[in-house]
Amino acid sequence: MRQNWDPQTFWNYYRELTENSNLSSMAEYPQHGNTCRLLHSVAVAYYSCRLASFLGVNFHMRDMARGALFHDYFFYDAQDGDPAHRGHWSRHPDIAWRNAAKELALTGIEADIIRTHMFPLTLKPPRYREGAVVTLVDKGCSVYEFFKRRRPYPRLAVHVKT
């Protein structure tokens, strides 16, 4: 069954989470060059929901949006060269999951999205189709951000306070 894409519902999820968590503080940290981590997470969530809608399969859109928004929910600059951040790319999914779980009651789908989004770098694959979509979109957004160093996602950035 094809689900209709409703951007307003997505932005309502985003607003709710920024009001009830520290999500907006991710704007302080860089991600993949000049993109801030908040904008990266918003892009992953937004485009995951759009792709899911396009695929015409039933998805838990709320869980997918929430899990994707928190998939990189850690509060340090992973690109700063600090030796304490060695192995960050394989460790940060569990760090993000623990941080999100402190602030929100996560569903199983949301937790799985956060903990498995770095597959195949981490060996555990997503258990749910929502996690598979987020994992793929995260890779696509990361590549885009690496090459599009100036003002990525201009249409999304107007909704995100950075």
> Mind checking whether Y144 and Y153 have ring centres under 6.0 Å apart?
Replying inline: yes

> L156 and Y14: same hydrophobic cluster, using ILVMFWY side-chain contacts below 4.5 Å?
Replying inline: yes

> With sequence neighbours excluded, what pairs up with R15 under the side chain to side chain donor-acceptor pair (under 3.5 Å) test?
Replying inline: N12

>> Any side-chain to backbone donor/acceptor pair from D63 onto I109? Under 3.5 Å, distance only.
In response: no

> Can you name the nearest heavy-atom pair linking M61 to C49, along with the distance?
Replying inline: CE-O, 3.4 Å

> Do I114 and D94 have side chains that get closer than 4.5 Å, going by heavy atoms?
Replying inline: no

> What residues form a side chain to side chain donor-acceptor pair (under 3.5 Å) with T9, not counting sequence neighbours?
Replying inline: D6

>> So, using side chain to side chain donor-acceptor pair (under 3.5 Å) as the criterion, who are the partners of N22 when residues are at least two apart?
In response: E103

> Under 6.0 Å between ring centres, would you say that holds for Y76 and F74?
Replying inline: yes

>> Show, in sequence, the C-alpha distance, side-chain angles and deciding distance for F70 and E110, and conclude whether the side chain to side chain contact (heavy atoms under 4.5 Å, CB included) test is met.
In response: CA-CA 9 Å; F70 285 91; E110 293 166 353; over 6 Å; no

>> Test of understanding: with side chain to side chain contact (heavy atoms under 4.5 Å, CB included), list the residues that count as partners of S41, not counting sequence neighbours.
In response: M26, R37, H71, D72

> Sequence neighbours excluded, which residues qualify as side chain to side chain contact (heavy atoms under 4.5 Å, CB included) partners of P126?
Replying inline: D112, T116, F119, T135

> Residues two or more places apart in sequence or in another chain: which of them pass salt bridge (Lys or Arg N to Asp or Glu O under 4.0 Å) with E130?
Replying inline: none

